[in-house]
Every structure is written in C-alpha cells, then in structure tokens.
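Here the structure is a predicted model, which is why all the values come from computation and not from measurement. The figures that follow rest on heavy atoms only: side chains count, while hydrogens, waters and symmetry mates do not.
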Amino acid sequence: MKKTYATSLISLASATLLSAAVSAQEVSFDATVATDYVWRGVSQTAGDAALQLGAEVTTGHFYAGVWGSNVDFGDGTDVEMDLYAGFAPSVSGFDLDFGWVRYTYPGAPSASGDQDFDEFYAGVGRSYGALSWDAKWSWSEDFYLHSGNATYLEGGVAWALSDAFSVDARYGRSRFDDLIGADYDDWQLGVSWQTGPVALGARW
C-alpha cells in the first residue's frame, strides 16, 4: 500500500492464502531495496539507500497492514513505521479506495517534537486495456510536527507496454493551511519491469 518513489528499486513479494470459515484471507509480504526513499517529492533518507518491509492482510474488499523503512531526518530519527487499514471496492468498472494510515517514528528524539500523525485518504482508478489512471486525495487534521491541516492531491497514468514492462507518470500537490509559503508540487516519471514476485524500477 505504501508508495515508495525512488531512483531505482528492487522489490520482492510473496502471498499466502489462508482459508477461513466465512471468507478467504490473503496475507502478503513485500521487501524493497531503493537507492532513495522519496515521499511526495522529498527524500526521507537524505539521499541514501532504504530497506523497506511490509505485510498486509486482505479479506474481501477490506485490508490492513504495517509498513516500515529506515529514514534520516538529521535529528536522530532512524525508523518510520506505518499502520494502515482501508476498504477498496470496485463499482461500475472503477476501483475505489478509502482508508486511514498512521505514520509513526519509533525512537525519534523528544526534542524534535511529536512527529507521529494520522492521515485519511480516498482514491479512484480505472483501466482501459493497457492504459490505466488513478487519482487520490489525502488529508491530515494535524500533519507532521503538529503543523495543522494538510492535503495532498495526486494523479497518475500508466501504460503497460507488455506483460512485464510498463511506463508511468505522476503529479502531486501538497497544500498546508497553517504554513505560509510551504505549498509545493512534485512530479515523477518511471519505468518498471516485473516477472513473478520480482520487480525492478527506475524513477526520475
């Protein structure tokens, strides 16, 4: 679930199906090695490499998971650990996604302030053969370091050139109600290749 935008990355994923009395549950795990952990246009590792691990459980349209990465904010903060849950149905060919994520930074020095915050999101996407698009709105009532209301609008398109190779582009807008002059936009272009559980990618 967590999106990691990096100069290049290698990702491994595996899934195990578990039978339940009422419905089937799917448990998936993923591991990513990236040359840089870039979130909404800003490096979270001071330009250094990142190792990221995640696990997710899905039941029908509902999902929940945990995701973690090393970070470097220059203040002794070394780890990001996120918890999330959501509901992702499909309606009339549109893929919808509604959820919540809590960003936490275990072991962060208290002198830096409370870095943990919650965010809610709503997204929509659709595919037309090899072409797909998505859009997402994220909102936090009290963003990082108690900086107040913040929203992030993003959209992207992807084109599958083959079963394994695809190209994509994304654009995002960060807006802060209580931080004058802090608003900014970000964009990226990427290519990816996937075979089985292994994916390779590069982003600019």
Side-chain angles (χ1 to χ4, degrees), residues 1-14 28-56 64-85 99-121 136 138-154 156 168-193 198-204:
M1 173 270 178
K2 179 80 176 195
K3 298 294 185 181
T4 299
Y5 304 134
T7 306
S8 63
L9 58 87
I10 301 174
S11 181
L12 303 174
S14 63
S28 59
F29 305 90
D30 67 86
T32 300
V33 177
T35 59
D36 190 4
Y37 169 20
V38 180
W39 186 68
R40 298 179 182 175
V42 180
S43 176
Q44 306 295 289
T45 51
D48 292 333
L51 172 62
Q52 302 162 343
L53 302 173
E56 183 174 287
V66 59
W67 184 93
S69 176
N70 61 291
V71 297
D72 182 1
F73 296 163
D75 61 357
T77 304
D78 299 320
V79 177
E80 174 186 341
M81 184 69 67
D82 303 337
L83 304 174
Y84 63 89
W100 156 88
V101 56
R102 179 163 180 78
Y103 299 88
T104 70
Y105 301 89
S110 58
S112 299
D114 185 6
Q115 302 183 58
D116 300 351
F117 66 97
D118 296 282
E119 199 170 64
F120 298 89
Y121 57 85
K136 186 178 179 181
S138 301
W139 171 79
S140 176
E141 182 179 17
D142 197 10
F143 196 61
Y144 183 74
L145 290 178
H146 296 298
S147 53
N149 283 308
T151 59
Y152 185 69
L153 295 174
E154 61 182 303
D168 65 87
R170 298 195 68 81
Y171 185 81
R173 306 185 68 183
S174 293
R175 297 295 181 264
F176 307 95
D177 291 349
D178 303 322
L179 297 176
I180 298 176
D183 297 348
Y184 71 95
D185 298 353
D186 68 273
W187 60 270
Q188 63 171 294
L189 301 174
V191 296
S192 60
W193 174 84
V198 178
L200 303 175
R203 328 221 133 251
W204 180 35

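- E56 and Y84 form a side-chain donor-acceptor contact under 3.5 Å, judged by distance and modelled atom types alone.
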Report task. Apply side-chain contact (heavy atoms from CB on, under 4.5 Å) to W204 and W187, showing your working. Result -> CA-CA 9 Å; W204 180 35; W187 60 270; 4.2 Å; yes
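- Here the closest heavy-atom approach between residue D36 and residue S43 is recorded as OD1-OG, 2.8 Å.
- Expressed to the nearest 0.5 Å, how far OG1 of T45 lies from CD of E80 amounts to 10.5 Å.
- In plain terms, the two heavy atoms of A50 and S69 that are nearest each other are CB-OG, 3.9 Å.
- Proximity of a side-chain donor or acceptor of N149 to a complementary backbone N or O of D177 within less than 3.5 Å is not detected.
- Heavy atoms only, all atoms of each residue included: G172 and Y152 are closest at CA-OH, 3.4 Å.
- One finds the CZ atom of R175 at 5.0 Å from the CG atom of D183 (value rounded to the nearest 0.5 Å).
- Counting only N and O atoms by type, the side chains of D116 and Y105 include no donor and acceptor under 3.5 Å apart.
- Between E154 and R170 there is a salt bridge, since a side-chain N of the basic residue sits under 4.0 Å from a carboxylate O of the acidic one.
- Residues Y103 and W39 place their aromatic rings such that the two centres sit under 6.0 Å apart.
- Q188 and R203 share a donor-acceptor pair across their side chains, judged by distance under 3.5 Å alone.
- A distance of 9.0 Å separates CZ in F143 from CG in L179, rounded to the nearest 0.5 Å.
- Residues forming a side chain to side chain donor-acceptor pair (under 3.5 Å) with D78 (at least two apart in sequence, or on another chain): none.
- Aromatic ring centroids of W67 and Y37 lie under 6.0 Å apart.
- Between atom CD of residue Q44 and atom OG1 of residue T77 there is a gap of 10.5 Å, rounded to the nearest 0.5 Å.
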**Report entry** Pair W139-E119, side-chain contact (heavy atoms from CB on, under 4.5 Å): steps then yes or no
**Finding:** CA-CA 5 Å; W139 171 79; E119 199 170 64; 5.7 Å; no
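- A salt bridge between R40 and D186 is absent, with no side-chain N of the basic residue lying under 4.0 Å from a carboxylate O of the acidic one.
- When atom types are taken as modelled, the side chain of T104 and the backbone of M81 share a donor-acceptor pair closer than 3.5 angstrom.
- With sequence neighbours excluded, the residues forming a salt bridge (Lys or Arg N to Asp or Glu O under 4.0 Å) with D118 are R102, listed by chain and number.
- With rounding to the nearest 0.5 Å, the separation of OG in S147 from CG in D178 is 8.0 Å.
- In this structure S192 satisfies the side chain to side chain contact (heavy atoms under 4.5 Å, CB included) test together with S166, sequence neighbours excluded.
- Between the CZ atom in F117 and the CD atom in E141 there is a gap of 13.5 Å [rounded to 0.5 Å].
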